[in-house]
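First up is the structure itself, then whatever we jot down about it.
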Amino acid sequence: MAVRHFLSLLDLSPEELRRLLDRAIALKAMQHRGETYEPLKNRTLGMIFEKSSTRTRVSFEVAMAQFGGHALFLSPRDTQLGRGEPIEDTARVLSRMVDAVMIRTFAHEIIERFAAVSKVPVINALTDLHHPCQLLADVQTFIEHRGEIAGKTVAWIGDGNNMCHSYIHAARQFGFTLNIAAPEGYEPSPAVVAEAADCVRLMRDPVEAARGAHLITTDVWASMGQEEEQTERARAFAAYQVDAQVMGVAAKDAVFLHCLPAHRGEEVSAEVMDGPQSVVWDQAENRLHAQKALLEFLLIGPR
Ligand code: CP
Ligand code: NVA
């Protein structure tokens, strides 16, 4: 059977994704009960990080430890990748030794080239284009707090970035409507929008996007690799803070999500970030459970 990769949410069918989240919720309950479940004994996950990470690194490493396996942290600073060894050669070598590879990098094309020659599953742990693992945790969190997301309205406020692109895929795969409010020049990629055009509404006004929405979410104004644009972006996004006014027009029981790290006073006010509608800490924890379900799915099969 051909090896399955998870480079974007479109790599799994809507049914597979929905089942995977049920499994994530079940694995979470097992872990909270203190049950030991070690389906990946003696298996190894290679983790290539070309960008910083707190949640992604810790959640994947802990996931492998809880499953009885092992995770290897590989940074370009200490591997031959940083000295120019081709990505395809790295993929060929690693996939003869490890059982799966997780990659956080810049250009999405790098992970596609790796996957094209890899004999083992490759997981996208964030590229400039997508962050699909985060969406597994986000949708799981919504389901746990508010039930099914299909038929609901989600508002994305801010940059049309990698997270926004994965929300666009999620709208299609999980069946919700996505209102995107982005300033001029910072809209999501038209090619990605085209992949879910029926589910996505592009707007300028954050309040209009948030009106009646069941989930409000945002992300940093300058992503990793855009540090030099910080000042000009802060200017462009000044009117795009998720604050009490934005939350005030959303559905009464709307939840606030943020993939983190968050910048209080920039993309989100402290009042919203630390307020009663914010479920960001559950969302962060769910990275662990959702990725355990993903690792199990890719290495063993559907449960
Ligand atoms: N949300 C997220 O991916 O966090 P890290 O950058 O800390 O991994
Ligand atoms: N858009 C952010 C997400 C961080 C988890 C970035 O790429 O830096």
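In listed order, ligands and their atoms are each counted from 1.
- Scanning the protein heavy atoms around atom 7 (O) of ligand 2, the nearest turns out to be N162 ND2, 2.8 Å.
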Intermediate values then yes/no, side-chain contact (heavy atoms from CB on, under 4.5 Å), C133 and N124: CA-CA 7 Å; C133 291; N124 180 353; over 6 Å; no
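- By the 3.5 Å distance cut-off applied to N or O atoms, K51 is not counted among the residues near ligand 2.
- Under a 4.0 Å heavy-atom criterion, L260 is in contact with ligand 2.
- L298 and I300 end up in the same hydrophobic cluster when Ile, Leu, Val, Met, Phe, Trp and Tyr side chains are linked at under 4.5 Å.
- Side chains of Q283 and T141: a donor-acceptor N/O pair is absent below 3.5 angstrom, by distance only.
- Residue D159 does not touch ligand 2, judged by heavy-atom distances below 4.0 Å.
- Listed by number with element, the atoms of ligand 2 under 4.0 Å from a non-hydrogen atom of L126 are 3 (C), 4 (C), 5 (C), 7 (O).
- Sorted by first then second residue, the side chain to side chain donor-acceptor pair (under 3.5 Å) pairs that include residues 108-118, not counting sequence neighbours, are E88-R113, H108-T127.
- Under the rule for a side chain to side chain contact (heavy atoms under 4.5 Å, CB included), the partners of Q230 that lie at least two apart in sequence or sit in another chain are A222, E266.
- Between E227 and R233, none of the side-chain N atoms (NZ, or NE/NH1/NH2) sits under 4.0 Å from a carboxylate O, so this pair counts as no salt bridge.
- Summary of contacts: the protein heavy atom closest to atom 8 (O) of ligand 2 is M224 N, 2.8 Å.
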Apply side-chain contact (heavy atoms from CB on, under 4.5 Å) to the pair H169 and V192, showing each step before the final yes or no. CA-CA 8 Å; H169 280 175; V192 176; 4.3 Å; yes
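- The side chain to side chain contact (heavy atoms under 4.5 Å, CB included) check on A91 picks up F114, V117, with sequence neighbours excluded.
- E229 has no carboxylate O lying under 4.0 Å from a charged side-chain N of R235, or vice versa, which leaves the two without a salt bridge.
- Protein residues lining ligand 1, listed by chain and number: S53, T54, R55, T56, R104, H131, Q134, C259, L260, R287 [non-hydrogen atoms, distance under 4.0 Å].
- Of all protein heavy atoms, the one lying nearest to atom 3 (C) of ligand 2 is D219 OD2, 3.6 Å.
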